[in-house]
Amino acid sequence: MATYSVTDNGIAVAAGAKPYMQEVVLDFSTTNLGINEDIDALQVPANTLVLCVGIELVTASSNAGTIDVGDGTAADTWVTDLDADGAVGIQETGAASKFYLAADVIDVKAITAIMDGKVRVFAVMVPMNAAGTAASFA
């Protein structure tokens, strides 16, 4: 088996994309999120690596229920069963990263009761659009 080594990686390799955080605060106190209803919280552009997605309970719901955070694949891709009437400040974060070839959305879904509290949804993303300049090898 041959061994190859990169010969010009000091000058021709792009520095790469920078991660960024997207977040939104959703207040359901005037318009409740009904059982099995979901809301599009964050937009995920095509060709994006999502490193993590999380949710923070800012104001507890008056109803004992749970909340999931997911995407077009599954309602609980990122967070399963956050206690909607739990202690304020509770954060749940999905730890596994996911690559989105096509654009998608991060959804918040009320599972077992109407949500009338307030949550902050956040995601750390890295755009993966450009392949950069190829390094030569010999």
Side-chain angles (χ1 to χ4, degrees):
M1 158 111 21
T3 301
Y4 297 97
S5 49
V6 176
T7 59
D8 63 354
N9 65 342
I11 56 172
V13 177
K18 305 288 188 246
Y20 64 94
M21 187 173 92
Q22 215 184 112
E23 69 179 327
V24 64
V25 175
L26 303 171
D27 186 350
F28 299 111
S29 62
T30 56
T31 302
N32 301 160
L33 186 61
I35 299 171
N36 287 320
E37 288 183 346
D38 58 49
I39 186 167
D40 296 346
L42 302 172
Q43 300 291 320
V44 180
N47 297 311
T48 298
L49 176 64
V50 177
L51 299 177
C52 72
V53 174
I55 187 168
E56 175 185 4
L57 190 60
V58 177
T59 304
S61 179
S62 64
N63 302 305
T66 58
I67 301 170
D68 285 357
V69 180
D71 58 17
T73 303
D76 62 353
T77 300
W78 295 101
V79 175
T80 303
D81 296 337
L82 173 74
D83 187 4
D85 67 335
V88 171
I90 291 177
Q91 293 186 5
E92 295 284 335
T93 307
S97 60
K98 182 175 179 180
F99 179 72
Y100 289 86
L101 183 59
D104 205 336
V105 291
I106 304 298
D107 301 314
V108 174
K109 185 173 186 174
I111 300 302
T112 56
I114 293 171
M115 173 57 175
D116 61 3
K118 185 188 297 187
V119 296
R120 179 176 73 102
V121 182
F122 54 91
V124 177
M125 303 180 189
V126 181
M128 305 289 286
N129 292 331
T133 305
S136 300
F137 63 93

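We count residues from 1, following the sequence as given. Reckoned from all heavy atoms, side chains included, excluding hydrogens, waters and symmetry mates.
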Peer 1: Give a yes or no on whether the backbone of Q43 and the side-chain of Q22 come within a donor-acceptor separation of less than 3.5 Å.
Peer 2: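 Checking the backbone N and O of Q43 against the side chain of Q22, a donor-acceptor pair under 3.5 Å is found.
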Peer 1: Using side chain to side chain donor-acceptor pair (under 3.5 Å) as the criterion, list what pairs up with S97, not counting sequence neighbours.
Peer 2: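 Counting only residues at least two positions away or on another chain, S97 forms no side chain to side chain donor-acceptor pair (under 3.5 Å).
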Peer 1: Is any side-chain heavy atom of V119 closer than 4.5 Å to a side-chain heavy atom of F28?
Peer 2: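 Heavy-atom side-chain distance check passes, below 4.5 Å.
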Peer 1: Who passes side-chain contact (heavy atoms from CB on, under 4.5 Å) against A41, sequence neighbours left out?
Peer 2: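 V24, L26, V108, V121.
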Peer 1: Applying side chain to side chain donor-acceptor pair (under 3.5 Å), which residue pairs with at least one partner in residues 33-42 are found, sequence neighbours left out?
Peer 2: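 Listed by first then second residue: nothing to list.
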Peer 1: For A113 and G65, work out which heavy atoms get closest and say how close.
Peer 2: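 That closest heavy-atom pairing would be CB-CA, 3.7 Å.
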Peer 1: Only counting residues at least two apart or in another chain, list the ones meeting side-chain contact (heavy atoms from CB on, under 4.5 Å) with E92.
Peer 2: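 With neighbours one apart ignored, the set is I55, V79, L82, I90.
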Peer 1: Write down the atom of L57, the atom of A87, and the distance for their closest heavy-atom approach.
Peer 2: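 Of all heavy-atom pairs spanning L57 and A87, the closest is CD2-O, 3.8 Å.
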Peer 1: Where is the tightest heavy-atom contact between G86 and A60, given as atom of each residue plus distance?
Peer 2: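 The answer is O-CB, 3.5 Å.
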Peer 1: Mind listing the closest non-hydrogen atom pair of A110 and G34 along with its distance?
Peer 2: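 That would be CB-O, 3.4 Å.
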Peer 1: Taking only residues two or more places apart in sequence, or in another chain, which ones meet N47 in a side chain to side chain donor-acceptor pair (under 3.5 Å)?
Peer 2: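 For N47, no residue satisfies side chain to side chain donor-acceptor pair (under 3.5 Å) once neighbours in sequence are set aside.
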Peer 1: Going by the rule salt bridge (charged side-chain N to carboxylate O under 4.0 Å, His left out), which residues pair with E23 if we only count those two or more places apart in sequence or in a different chain?
Peer 2: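 Here the qualifying residues are R120.
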Peer 1: Mind checking side-chain contact (heavy atoms from CB on, under 4.5 Å) for T66 and listing every partner two or more places apart, or none if nothing turns up?
Peer 2: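 Applying side-chain contact (heavy atoms from CB on, under 4.5 Å) to T66 gives D81, I111, T112.
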Peer 1: Filter on side chain to side chain donor-acceptor pair (under 3.5 Å), then keep only pairs touching residues 100-109, sequence neighbours left out; what's left?
Peer 2: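 The answer is D71-Y100, W78-Y100.
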Peer 1: Test S61 against D85 for side chain to side chain donor-acceptor pair (under 3.5 Å), laying out the working first.
Peer 2: CA-CA 5 Å; S61 179; D85 67 335; over 6 Å; no
Peer 1: If Ile, Leu, Val, Met, Phe, Trp and Tyr residues are connected whenever their side-chain heavy atoms lie under 4.5 Å apart, and connections chain through other members, are V53 and I39 in the same group?
Peer 2: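 Yes, because V53 and I39 connect within a single hydrophobic cluster, where side-chain heavy atoms sit under 4.5 Å apart.
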Peer 1: Could you list who else is in I114's hydrophobic cluster, with ILVMFWY side chains joined at under 4.5 Å, directly or through other members?
Peer 2: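 Noted: I114 shares its cluster with I35.
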Peer 1: Distance from D68 atom CG to D76 atom CG, nearest 0.5 Å?
Peer 2: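 Taking CG in D68 and CG in D76, the distance rounds to 5.0 Å.
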Peer 1: Identify the two heavy atoms, one from G89 and one from E56, that lie closest to each other, and give their separation to 0.1 Å.
Peer 2: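 Distance-wise, the nearest heavy atoms are CA-OE2, 4.1 Å.
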Peer 1: Can you list everything that forms a salt bridge (charged side-chain N to carboxylate O under 4.0 Å, His left out) with K118? Sequence neighbours excluded, please.
Peer 2: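 For K118, no residue satisfies salt bridge (charged side-chain N to carboxylate O under 4.0 Å, His left out) once neighbours in sequence are set aside.
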Peer 1: My understanding is that only residues two or more places apart in sequence, or in another chain, count here; which of them pass side chain to side chain donor-acceptor pair (under 3.5 Å) with T93?
Peer 2: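 Residues passing side chain to side chain donor-acceptor pair (under 3.5 Å) with T93: none at all.
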Peer 1: List the residues meeting side chain to side chain donor-acceptor pair (under 3.5 Å) with T59, not counting sequence neighbours, and say none if there are none.
Peer 2: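 Scan of T59 (side chain to side chain donor-acceptor pair (under 3.5 Å), adjacent residues dropped) gives none.
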